[in-house]
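Read the structure below first, then the notes.
Start at 1 and go down the list; that is how both ligands and their atoms are numbered. Along the sequence shown, residues are numbered consecutively beginning with 1.
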Amino acid sequence: MERPDLVSAEIVEIDENPDLAERHNVGSVPHTLFGEDHAALGLMPEERFVVELVTLKDASEFLGEMAAQAQGPAPERVDLAIVGAGPAGLSAAIYAARSGLSAVVLEGGPIGGQVSLTPTVENYPGFASVPGKKLMEIMAAHAREYTHIVTDAQVEDAAEENGRFELRTRKGTFSARAVLLATGAAYRALGAPGEDRYRGFGVSFCSSCDGYLYKGRQAVVVGGGNTALTDALHLKHLGVETTIIHRRDAFRAEKHLQDSVAREGIGVRFNSEVVEITGDDKKVTAVRVRDNAAGTTAELPTDAVFIAVGHVPNNDLAKKLELELDGGGFVSVDRAMRTSRPRVYAAGDLTGGSMQIVTAVSEGSLAALSAFEDLGTPYWKEGGGGDSAGH
Ligand code: NAP
């Protein structure tokens, strides 16, 4: 502390002070309390810590706005418009700008996409274990070194006019020679009765957002992929009594996660499906689970249901631009991330596949390099380049 006369700090071990943990609703660590009025979850970069200490407010948006103000207004005519500020879009921004293309990133939701909601990322090379939000803050700061990220700029419409793409947002219309769609994917709903009724009242799609509310209580996680097992481990570490319910007799998640689930003693019900989510007039109290092997259905009391049954692509813009989609609605791309439409590229979860952060980052870079090749006429592209090339 530079000024102990102004600021005093204390580090509290919650296992030894459960009363304090209870009083301040501490469900994961680090949990920083700035006096009684403001709290922050997760590891914070020093700059953000200091701003929150002074303002007693969440500073992530504020710092983003400060960075944007320092950069000045975003250009409305660019070579490449990148839609989506997840790992694919941010990586593309870095590569596009470094190639010499003018670019802008347009984002309607929070920066960082789905990764920002991932409690812990353990397979992004260079980071043995990092909160998803923190990883994306680092990536966004890197991308801002090169280009503008316009937030609150959901692209509502996209059309090609006179060889340029016009993207309409509430922050203005952006005109670009090429477009990269990195709009990601959204959670798939389970489709069970009670799911919509209790959403936000026990039904959740985000363990890192809501998990701490169920410390010392019971939760079920539905699904058998990497997300389900990552969520179950996170909940277990928060002190939530967790059971995974999976419709098959084996997980599709990677072996490392399966081993961790077994080691942590997390309950698993294989061959089982949640057929209904039930509750009282306020919140979830149980799920009805069908055991497909035994052919029976029974009630399992629970306080929360975390649904992790995969994703559906955010393909509205892709459809507007009449891109070719695969059977699951993901955008079809070639190895250089070119779509069926010249000068339109797609990268990240929107293209389906393995949906890893590292592949999204890679696809973003490939898409930006393809845009560079198609828009310019690099000397190594015989007869290529120019606006008409692209597929
Ligand atoms: P996923 O791999 O598609 O798994 C979805 C799971 O939900 C599957 O086990 C599936 O069962 C089950 N499921 C689907 N519909 C269901 C329904 N209606 N009722 C019950 N169960 C249903 O999805 P994900 O786990 O969200 O992962 C998506 C992608 O992100 C994957 O490529 C994954 O590798 C990646 N990811 C990676 C990490 C990591 O590397 N640590 C973390 C999170 C996500 P079936 O098995 O029977 O199909």
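- You'll find the ring centres of Phe270 and Phe251 inside the 6.0 Å limit.
- Ligand 1 has no N or O atom lying under 3.5 Å from any N or O atom of Gly223, backbone or side chain.
- Scanning all protein heavy atoms for the shortest distance to atom 42 (C) of ligand 1 gives Asn226 CB, 3.5 Å.
- Taking the six-membered ring where the residue is Trp, His38 and Phe34 present parallel rings, their angle staying beneath 30° rather than reaching 60°.
- Proximity annotation for atom 39 (C) of ligand 1: of Thr230, Asn123, Val115, Asn123 comes nearest, heavy atoms only.
- Of the protein's non-hydrogen atoms, the one nearest atom 27 (O) of ligand 1 is Thr227 OG1, 3.5 Å.
- At least one heavy atom of His246 sits less than 4.0 Å from an atom of ligand 1.
- Within the 4.0 Å heavy-atom criterion, both parts of Val309, backbone and side chain, lie near ligand 1.
- Residue contacts with ligand 1: Glu273 is excluded, as none of its non-hydrogen atoms falls under 4.0 Å.
- Residue pairs that meet the disulfide (SG to SG under 2.5 Å) test with at least one member in residues 147-207, sequence neighbours left out, are Cys206-Cys209.
- Of the heavy atoms in Gln356, only side-chain atoms (C-beta onward) come closer than 4.0 Å to ligand 1.
- Ranking protein heavy atoms by distance to atom 28 (C) of ligand 1, first place goes to His311 ND1, 3.7 Å.
- Side-chain atoms of Arg177 come within 3.5 Å of backbone N or O of Leu375 as a donor-acceptor pair.
- The part of Arg247 lying near ligand 1 is the side chain, judged by heavy-atom distances below 4.0 Å.
- Taking the six-membered ring where the residue is Trp, the centroids of Tyr187 and Phe306 are separated by 6.0 Å or more.
- Looking at Tyr198, its side chain does come within 3.5 Å of a backbone N or O of Gly279 through a donor-acceptor pair.
- Of all protein heavy atoms, the one lying nearest to atom 29 (C) of ligand 1 is Met355 CB, 3.5 Å.
- Looking only at heavy atoms of the protein, atom 1 (P) of ligand 1 is closest to Arg252 CD, 4.0 Å.
- For the pair Glu36 and Arg23, the salt-bridge criterion is met [side-chain N within less than 4.0 Å of a carboxylate O].
- In this structure, Glu195 contributes its side chain and Leu190 its backbone to a donor-acceptor pair below 3.5 Å.
- For atom 23 (O) of ligand 1, the nearest non-hydrogen atom of the protein is Gly310 CA, 3.4 Å.
- For atom 9 (O) of ligand 1, the closest heavy atom belonging to the protein is Gly224 N, 3.0 Å.
- Using a 4.0 Å heavy-atom cutoff, Ser354 is listed among the residues neighbouring ligand 1.
- When Glu299, Glu273, Glu276 are each tested for a salt bridge (Lys or Arg N to Asp or Glu O under 4.0 Å) with Arg290, only one passes: Glu273.
- Annotation: Val222 places no N or O atom under 3.5 Å from an N or O atom of ligand 1; distance criterion only.
- Neither the backbone nor the side chain of Ala253 has any atom closer than 4.0 Å to an atom of ligand 1 (non-hydrogen atoms only).
- By the 4.0 Å N-to-carboxylate-O rule, Arg341 lies too far from Glu324 to be salt-bridged with it.
- Residue, atom and distance of the protein heavy atom nearest to atom 45 (P) of ligand 1 are Arg248 NE, 3.3 Å.
- Within 6.0 Å of the CD atom in Glu2, the count of heavy atoms belonging to other residues, nucleotides or ligands does not exceed 12.
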